[in-house]
Structure formats: C-alpha cells, structure tokens
Visitor: 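If you scroll down you'll find the structure; I have some questions about it.
Side chains are part of it too, since the values below use all heavy atoms of this structure and drop only hydrogens, waters and symmetry mates.
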Amino acid sequence: MFTRQIKKRTLLLWVCLLPVLSCNQQEEAQERSFRTSWLVKPALKFEVCNLIGILLGREPERSSHPQIYREWQVNLPGNVKSALVAIDQIIGPNWPAGPRLSLFWANLVVADSLAPLLAVLQNEPALRAALLASDYGSSRNWTQWLQLRPHVEIVVQYLISSNFENYWRSRMLPELTSKMTTLKQELQAYDVVGDIERFLRDGELRSDTVTIYILALAQPHELRLTSQSRYTDMRLSVRPVVRNFYQEMLHPYCDRMVDSTFVKEFSALQRDPFLQECWRRVLRHGGSNNFVEFIKKEVVLAATLWLAERRQLVSASTSGQNYEAGAVVRNYLREKDEGAHALAAIIYSYLESGLKIERVPFSGFIKDLFATGRLQPGRIAMRYEEFMNDHTGTEN
C-alpha cells in the first residue's frame, strides 16, 4: 500500500510538472526558431538615383563606375547637362547625390519601369505624402525636393528617351538576379530579428521582414532606408550589410533608454572629462555636435559589437588563424575615430564579462551598471584602459 501511495504521488507530480516543462520547451523552441524573413530584390528607382550621381562626375562615383560614366555622359544634350549642374549645386558637397535622391523616393511604391516613375514624380500630392510618411519626412526635405524636381524630371525624361530601362534590364538585371539567389542563401545564416529580440528581452521589432535592395550602381555607397530596409551594391560583402542592420534595428530601443528611461543617469556622464574628450575626437571625424546623440550611438555600438561578434561579423582571420572575439573588438575600437568610443568599449566590456545574463533585459543590464556605480563620471577612463589592456574582470 505504501508503495502504491508513492507511485500515485509520483504520477501526480509528473502530471503537475508536465505543463511547466511543456511551456519551457515551447518557449525554448520559439527562441531557437529563425525569426527573420529576408526580402531581397532589385529597384530601378534607386538605380536611377545613383546613375544621376554618377553622371554628376564626382570622383568617388565616377571612379567606381568608369564604363557607365563614359557610356552615358557622352553626347548628353545641353538641357540635361544644365539639369545635372543644378542638381549638383542644390544637393551640395556634403551629400552624395545618389543616396540623397534615394531618400526622397524611399517610400515610393512604383513598378520597376521609368514611365510610371516619371508619372509619380509629377504627382506632387502623392510624392509629398510618401516623403512625409518616410523616416526622412520633413518640411526642409520637401522644400529641397521642390527645388530638385524640375531638374530631376529632365534627366528622367532623357533616360526614358535613351532606353535606359532596356539597358538596365539587359545589361544589369541578369547579374543582379544571379547575385540575389546567392545572397538569399548567405542571409539564412543570420537571424537579426531573433538575435535582437532575444538580446533585448523586452523590446519587439516592428516586423519580422528585413529588406535589401540589391543594386548595380550603388557603389561606393550603402544606404539606410528604414531601420529594417537598406540598399547595397551587389559587389558588397554580406557581412557588413548584416552588421549595419543590427546597428539600425537597435537604435529605437537604445534611443528610448537615453532619451527617457535613464535620461538623468546618461546626462550625468557629460561631467566626465575623458568622455568629453572622446566626443571631441568624434566631432573631428564628422560626428554629431549633440552630446545626447553621441551617447545614443555609443550605446548602440556596444550592443551591435556584442551581437555582431556572436555571429562572427567583426572577427578577422589571417593565414587561417582566428582571433579571440575580445581582441578583435578592442582592435576595432582602437582604430575607429582615434579610439574615441570609450563608452561603447565600457558597456561592451561588461557584456563580455558576463554581467548581462540571458534572461535580463538590456535595459535592466544598463540600470544595474548605473546602480552599482560601474557607469558613472570619473570611472570612464580607468575602466576603458583596463578593458583595452585586457585587465578587466567581472566585478570591476
């Protein structure tokens, strides 16, 4: 009888545990499942933007596409030459023309054909709605587009009359299509949506779909269109493209932490003299003159390096020898902007030391760094030197 009671209790215990075990298994299976839906496609509208950039004759674009420049620049009509000069002057020297024009068209839904594209460009209400609904919607950008539009229309009309669309379909699209097949296979190694959500724990991305527009004429540029879409030249390696997605997709979450969740704590870091010197170095390399924006990028950079290194997107190898992850990140941080990214290095160092356990949200990890005094004015330089010299430990 005693044995029967034990068996009965054991059976009852298993019945009670089964739902818990089942939930845990389902949760683990869900976390292991591949979340990212990669969408890879061509886009004639962005090719046109970059062709205009090439025809302006600026050195980076012209040297990247010498044959295209020679073929399409020769015998340009006078009105088209004048239009290109005007586009160059309106955009100015601080922006490459191809990416700049692409931002105005980022939200345009149009077939890969020049006639419908020209029709949309001439439809002011539709174009304005698309621009203002995009990540780049502003009255300033719309004003600049109004200045550019008549000149861009002249160039697009010329490309229609010169059969650029047929040229693109016969000379470029077949190679793009072939590259797309290979790229889609390579991208299956990278679950950026799942990786980021598992890392953040309390942050959800807007969509599981991540879009890459693959172009023949983008080089030497790669452009963010939204946090989950960008265009890239077909010759660019997949690794930097994926790494850039990690960075852009982390921004909304990390920006909220700096702007609202820990605004007082991050603001206090302005009192750190070493961090101020780091900011000045970033400014010398064209960084933002806003300290808060500098801080946001540091937080994002730390998380990006952590996630990207887990997928071997930062690591380098020489003669078949792979280098330890921390060493690669340290070398990267030494070389980038004269070693100016001390805050990113410090946050990464605590990630590397294991303070961010698997089920703790990234915001909880940052909160703990502030609460324990690990992240505070006066400690930045010391921790940075310890990390860069590989003398850090979990409890430092």
Side-chain angles (χ1 to χ4, degrees), residues 20-41 135 180-214 222 224-232 236-258 261 296-315 322 325-326 328-329 332 344 347-348 350-368:
V20 178
L21 293 173
S22 177
C23 287
N24 288 340
Q25 288 170 351
Q26 289 176 6
E27 185 179 342
E28 289 173 7
Q30 185 177 4
E31 291 200 349
R32 286 196 302 269
S33 65
F34 196 94
R35 292 285 314 283
T36 309
S37 175
W38 288 103
L39 184 60
V40 183
K41 55 186 179 180
D135 286 4
M180 283 165 52
T181 302
T182 305
L183 182 59
K184 287 177 183 176
Q185 293 172 345
E186 291 182 50
L187 289 170
Q188 295 311 304
Y190 305 106
D191 182 19
V192 294
V193 172
D195 286 347
I196 290 173
E197 289 189 345
R198 285 186 289 268
F199 174 75
L200 298 179
R201 301 303 304 180
D202 59 352
E204 232 177 79
L205 297 174
R206 64 173 71 172
S207 168
D208 288 350
T209 301
V210 181
T211 304
I212 297 178
Y213 295 95
I214 182 169
E222 194 213 357
R224 172 202 186 277
L225 299 166
T226 70
S227 64
Q228 293 185 215
S229 68
R230 60 194 313 111
Y231 75 51
T232 184
L236 188 63
S237 167
V238 68
R239 291 171 65 184
V241 177
V242 175
R243 188 169 66 235
N244 286 337
F245 272 117
Y246 279 110
Q247 181 169 307
E248 293 299 339
M249 291 161 69
L250 282 162
H251 254 294
Y253 181 98
C254 294
D255 290 355
R256 283 194 300 273
M257 284 201 299
V258 178
T261 312
K296 290 177 185 176
K297 290 180 179 179
E298 293 296 287
V299 177
V300 168
L301 179 58
T304 299
L305 288 173
W306 175 251
L307 286 169
E309 186 49 46
R310 306 285 76 74
R311 295 296 187 185
Q312 298 182 325
L313 296 171
V314 184
S315 298
N322 293 314
V328 174
V329 171
Y332 174 87
I347 295 172
Y348 179 92
Y350 287 119
L351 288 169
E352 182 188 56
S353 67
L355 288 181
K356 166 76 167 71
I357 60 176
E358 187 175 323
R359 295 191 175 276
V360 171
F362 187 45
S363 60
F365 162 77
I366 294 294
K367 180 181 180 180
D368 186 63

Visitor: Got a sec, which pairs hit side-chain hydrogen bond (donor to acceptor under 3.5 Å, both in side chains) with one end in residues 204-213, sequence neighbours left out?
Guide: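 Passing the test, one end in residues 204-213: R35-D208.
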Visitor: Starting at CD of E186, measure out to OG of S237 and round the result to the nearest 0.5 Å.
Guide: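 The distance works out to 7.0 Å.
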Visitor: side-chain contact (heavy atoms from CB on, under 4.5 Å) for V242 and Y246? Distances and angles first, verdict last.
Guide: CA-CA 7 Å; V242 175; Y246 279 110; 3.8 Å; yes
Visitor: Shortest non-hydrogen contact from R224 to S227?
Guide: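 Scanning both residues completely, I find the closest heavy atoms to be NH2-N, 3.4 Å.
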Visitor: So W38 and Q188, do their side chains get closer than 4.5 Å, heavy atoms only?
Guide: yes
Visitor: Identify the heavy atoms of S33 and D191 that sit nearest to each other, and give their distance.
Guide: O-OD2, 3.6 Å
Visitor: Restricting to non-hydrogen atoms, name the atom on I196 and the atom on M249 that form the minimum distance, rounded to 0.1 Å.
Guide: CD1-CB, 3.6 Å
Visitor: Within this structure, what is the CD-CZ distance for the pair E309 and R243, rounded to the nearest 0.5 Å?
Guide: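 Answer for the CD-CZ pair, E309 versus R243, is 10.0 Å.
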Visitor: Return the set of residues passing salt bridge (Lys or Arg N to Asp or Glu O under 4.0 Å) with R230 (not counting sequence neighbours), or none when no residue passes.
Guide: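 Expected list: E222.
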Visitor: For V192 versus T36, what's the shortest heavy-atom pair and its separation?
Guide: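 For V192 and T36, the tightest heavy-atom pair comes out as N-OG1, 3.1 Å.
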Visitor: Using side-chain contact (heavy atoms from CB on, under 4.5 Å), reason through L183 and V241 one step at a time and then give a plain yes or no.
Guide: CA-CA 11 Å; L183 182 59; V241 177; over 6 Å; no
Visitor: Using a 3.5 Å cut-off and no angle test, enumerate the donor-acceptor pairs between side-chain atoms of residues 296-307 and protein atoms at least two apart in sequence or in another chain.
Guide:
{"unit_1": "K296", "atom_1": "NZ", "unit_2": "D259", "atom_2": "OD1", "d": "3.3"}
{"unit_1": "K296", "atom_1": "NZ", "unit_2": "D259", "atom_2": "OD2", "d": "2.8"}
{"unit_1": "K296", "atom_1": "NZ", "unit_2": "E293", "atom_2": "OE2", "d": "3.0"}
{"unit_1": "E298", "atom_1": "OE1", "unit_2": "A344", "atom_2": "N", "d": "3.1"}
{"unit_1": "E298", "atom_1": "OE2", "unit_2": "H341", "atom_2": "ND1", "d": "2.5"}
{"unit_1": "T304", "atom_1": "OG1", "unit_2": "V300", "atom_2": "O", "d": "2.7"}

Visitor: Going by salt bridge (Lys or Arg N to Asp or Glu O under 4.0 Å), name the residues that satisfy it together with D202, two or more places apart in sequence or in a different chain.
Guide: none
Visitor: What I'd like to find out is whether the side chain of D368 reaches to under 4.5 Å of the side chain of Y350, using heavy atoms alone.
Guide: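 No, their side chains stay 4.5 Å or more apart.
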Visitor: Just to verify, what does D195 make a salt bridge (Lys or Arg N to Asp or Glu O under 4.0 Å) with, not counting sequence neighbours?
Guide: R198, R311
Visitor: Tell me, please, which residues at least two apart from K356 pass side chain to side chain contact (heavy atoms under 4.5 Å, CB included).
Guide: F199, R201, L351, F362, F365
Visitor: Show the numbers, then the answer: is there a side-chain contact (heavy atoms from CB on, under 4.5 Å) between V329 and E352?
Guide: CA-CA 11 Å; V329 171; E352 182 188 56; over 6 Å; no
